[in-house]
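This report refers to the structure that appears directly beneath it.
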Amino acid sequence: MAKKSFSSKAYSVLKKVPKGKVTTYKEIALALKTKAYRAVGRAMNKNKNAPKIPCHRVVKSNGEVGGYILGTKTKENLLRKEGIKIKNGKVSNFKEVLFKFNH
DNA sequence: CCCTTGACCAAAC
DNA sequence: GGTTTGGCCAAGG
């Protein structure tokens with residue numbers, strides 16, 4: 001499958017994140033060898049591939065849940081079901097569930 | 001091609 | 001520790 005655009009690459013990397021783990025927009029950008037933190041999030045919002053891509057496993061670098069096309073509330077709910085603790089809109093065990101790629 | 005916007009980030013105040 | 005500022009990259013108008 002040939003990659004088409006930046007967004008497609010971002011999705012591919014995101015799909016590598018195992019269940020019960022989360023990653024950050026920054027980690028994805030770094031995995032793509034770029035610093036387009038913003039472009040990663042923008043791709044999600046524009047393409048709204050929520051049912052196709054586990055974009056609910058992507059949080060901000062400071063541990064906040066961030067945003068979600070279907071609503072942050074939905075995002076938190078999904079994360080909790082995967083064993084991730086959410087507290088006051090932030091991931092409690094952020095570092096413990098944070099998945100890093102092979103940079 | 002120029003300008004704006006965005007589910008961001010890190011440093012500075 | 002919350003807010004402001006500048007920077008970063010990509011896509012749309």
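In what follows, chains are A, B, ... by sequence order, proteins preceding strands, each numbered from 1. The basis for the numbers below is simple: all heavy atoms, side chains too, and nothing from hydrogens, waters or symmetry mates.
When distances run from any side-chain atom of A:Ala36 to the nucleotides C:dA10, C:dA11, B:dA10, the shortest one goes to C:dA10. Minimum atom distance to the side chain of A:Ala39 is reached by B:dG6, of the listed B:dG6, B:dA7, B:dC9. Listed nucleotides B:dC8, C:dC9, B:dC9 differ in distance to A:Ser61; the shortest reach to its side chain belongs to B:dC9. Side-chain proximity of A:Tyr25 to the nucleotides C:dG12, C:dA10, B:dC9 is greatest for B:dC9.
Whole-Å rounding puts the A:Lys26 NZ to B:dA11 C1' distance at 12 Å. Taking atom CG of A:Asn47 as the reference point, atom C1' of B:dG6 lies 13 Å away to the nearest angstrom. At whole-Å resolution of the value, CD in A:Glu76 and P in B:dA7 are 17 Å apart. Between the NZ atom of A:Lys9 and the P atom of C:dC9 there is a distance of 14 Å, given to the nearest Å. Protein atom NZ of A:Lys90 is 14 Å distant from nucleotide atom P of B:dC8, rounded to whole Å. For A:Ile28 and C:dC9, the CD1 to P distance is 17 Å, given to the nearest whole Å. Atom CG of A:Leu30 is separated from atom P of B:dA10 by 9 Å (rounded to the nearest Å). Between A:Glu64 atom CD and C:dT3 atom P the separation is 11 Å, expressed in whole Å.
No donor-acceptor distance shorter than 3.5 angstrom exists from the side chain of A:Tyr37 to the backbone of A:Glu27, with no hydrogens or angles considered. With hydrogens and angles disregarded, a donor-acceptor distance shorter than 3.5 Å links the side chain of A:Thr74 to the backbone of A:Leu70. Checked by atom type and distance alone, the side chain of A:Lys75 pairs as donor or acceptor with a backbone atom of A:Gly67 at under 3.5 Å.
Note on A:Lys35: every side-chain N or O is 4.0 Å or more away from OP1 and OP2 of B:dC9. The side chain of A:Lys48 contributes no N or O atom lying less than 4.0 Å from OP1 or OP2 of B:dA7. Taking side-chain N and O atoms only, A:Lys60 has a distance below 4.0 Å to OP1 or OP2 of B:dC8.
Under 3.5 Å, the side chain of A:Arg38 and the base of C:dG7 form at least one donor-acceptor pair of N or O atoms.
In this model, a donor atom of one side chain and an acceptor atom of the other lie less than 3.5 Å apart for A:Glu82 and A:His56.
Positionally, the nearest nucleotide of DNA chain B for A:Val40 lies more toward the 5' end than for the other of A:Asn62 and A:Val40. Mapping A:Tyr37 and A:Arg42 onto DNA chain C via the closest heavy atom, the residue that lands nearer the 5' end is A:Tyr37.
In this structure, A:Val65 and A:Lys90 have side chains that are not in contact, with every pair of non-hydrogen atoms separated by 4.5 Å or more.
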